[in-house]
Amino acid sequence: MNKPVDSQHVRPVTVERSGITVTRVGVHLGAEISGVDLRRPLSDEAIETIQDALVNNELIIFRNQEITSDNLVDFGRRFGELTVHPFAPHDEKASVLIKFRNDENNPPFATDVWHSDETFRAEPPMATMLCAKVVPAIGGDTIFASMSAAFDGLSARMQQFISGLEAIHDWKPFKRLFDNTEEGRKNRQHFELLYPPQLHPVVRVHPVSGRGILFVNPQFTIAIKDMDERESRSLLDTLFHQVLIPEYQFRFHWAPHTIAMWDNRSTQHYAVNDYYPQRRFMDRVTIRGGPVVGVKPADPDGVRKAKNLVPAAVEHYGGHRPYRQAQSERSAPDG
């Protein structure tokens, strides 16, 4: 009879610590946590065990946890400060609590794209918790992917090439929320100033495990810094493909009162949009992260194209100026 073996990391499939059992259910990511009741306060030792399980397994699952929204918020706060998503539907009493209430009158929006949560932020979330309240009879799964395994799966030459590159992340999918009216454009500009495009390393280093992680995603990553558009698009298409490889994935089928917690630093996820018009009600909290650290980026002066060898001190833009600036220069009195 075959016994379950974790051939990837030579680790035991089941670990018991502080009265908690962690059982791996996926090769590269995914473990179920038992021995905890999230309706009751947990000891510091229990929280440390859960934190370690999260880092080691990237996705952890708690079943049969019939908890309130307040319980979920309290549990999330044991891991750090909770953040407010600028565009997601919030609870009226607690802005840190997101309530997804999808049914025939409110279809899901922008979740069926591979992504890490909120990488348009300067400091994307450390982790996310999602609690199932009502689930479809059929469908509504979430697929997760290990981006540490995805990075390991690249050739050594590609790993070396992309280490040190930086990518531009933007909140582009949410820009559809603003109407093309004066008020809509003004509101959009407000959020563009709050959340300007962010540079993150293409390969980040996990702050706890030290593993290399492929940190670009189709939802928020729009370009590679210091590359032509054609080069950038071609490279991103290649890197985006890594998340599609089934060996790096874990497909999770929801049941009521189930909680999934994922390490947003090392995973991506995709909420399968196949259940409309059925109901799918979820509560979510998001835990603040820190700076995204990667390999030292290349010196821009060393990556210039051969046909563009203009020294840094020389005008690069052929006299072009924003119109208002040029107009003010022409109207300035002679000195």
Side-chain angles (χ1 to χ4, degrees), residues 4-15 17 20-34 36 47-63 75-76 78-80 114-119 124-131 141-154 159 200-219 239-240 242-254 258-272 284-290 292-294:
V5 174
D6 184 354
S7 59
Q8 295 296 320
H9 306 293
V10 195
R11 291 194 309 228
V13 172
T14 301
V15 175
R17 176 181 161 195
I20 296 174
T21 301
V22 181
T23 304
R24 289 177 61 83
V25 292
V27 174
H28 290 291
L29 77 167
E32 293 197 5
I33 308 292
S34 58
V36 296
I47 293 298
E48 184 179 348
T49 298
I50 293 170
Q51 285 178 319
D52 290 345
L54 179 67
V55 171
N56 291 331
N57 299 283
E58 302 185 343
L59 164 70
I60 53 178
I61 299 156
F62 304 81
R63 297 192 181 275
F75 181 47
R78 294 298 303 276
F79 299 90
W114 282 104
H115 64 285
S116 300
D117 288 327
E118 303 174 51
T119 61
M126 179 271 282
T128 304
M129 295 179 182
L130 193 63
C131 178
D141 295 353
T142 301
I143 310 175
F144 296 89
S146 168
M147 300 315 294
S148 56
F151 175 71
D152 290 343
L154 293 170
Q159 289 180 354
H200 294 309
V202 171
V203 181
R204 75 175 297 175
V205 177
H206 196 285
V208 181
S209 71
R211 295 186 70 183
I213 297 161
L214 184 59
F215 200 66
V216 292
N217 68 85
Q219 188 171 62
L239 299 180
F240 290 162
Q242 286 297 99
V243 78
L244 304 178
I245 297 175
E247 283 81 356
Y248 309 144
Q249 297 177 359
F250 179 85
R251 184 164 183 146
F252 180 55
H253 181 67
W254 292 94
T258 302
I259 298 170
M261 180 179 183
W262 58 90
D263 191 330
N264 197 59
R265 301 163 295 192
S266 57
T267 63
Q268 290 187 34
H269 58 282
Y270 181 110
V272 182
R284 177 182 132 170
V285 294
T286 311
I287 303 159
R288 182 180 296 278
V292 181
V293 177

Distance check, rounded to the nearest 0.5 Å: [X] atom [atom1] versus [Y] atom [atom2]?
X    : Y    : atom1 : atom2 : result
H200 : S116 : NE2   : OG    : 10.0 Å
N264 : M147 : CG    : CE    : 11.5 Å
I50  : I60  : CD1   : CD1   : 6.0 Å
I259 : L130 : CD1   : CG    : 9.5 Å
E32  : R63  : CD    : CZ    : 4.0 Å
R78  : I287 : CZ    : CD1   : 12.0 Å

Practice prompt. Scan N57, D117, T142 and name whichever one has a side chain to side chain contact (heavy atoms under 4.5 Å, CB included) with W262.
Written response: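 Between W262 and the candidates, side chain to side chain contact (heavy atoms under 4.5 Å, CB included) is satisfied uniquely by D117.
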
N217-T119 side chain donor-acceptor pair, cut-off 3.5 Å
yes

Parallel, tilted or perpendicular: rings of [Y] and [X] (30°, 60°):
X    : Y    : result
H28  : Y248 : perpendicular
Y270 : W114 : tilted
F252 : F250 : parallel

Any heavy-atom pair between the side chains of [Y] and [X] that's under 4.5 Å?
X    : Y    : answer
E247 : V27  : no
Q268 : L214 : no
T49  : I33  : no
H206 : E58  : no
V203 : Q159 : no
V293 : P207 : no
S148 : I213 : yes
H269 : H115 : yes

Please report the shortest heavy-atom distance between [X] and [Y], naming the atom on each side.
X    : Y    : answer
M126 : D263 : O-OD1, 3.4 Å
L29  : F144 : CD1-CB, 3.7 Å
P201 : G294 : CG-N, 3.7 Å
L59  : A260 : CD1-CB, 4.2 Å
G212 : F151 : O-CD2, 3.6 Å
Q242 : G153 : NE2-C, 3.9 Å

Evaluation steps, side-chain contact (heavy atoms from CB on, under 4.5 Å), between V205 and F215: CA-CA 9 Å; V205 177; F215 200 66; over 6 Å; no

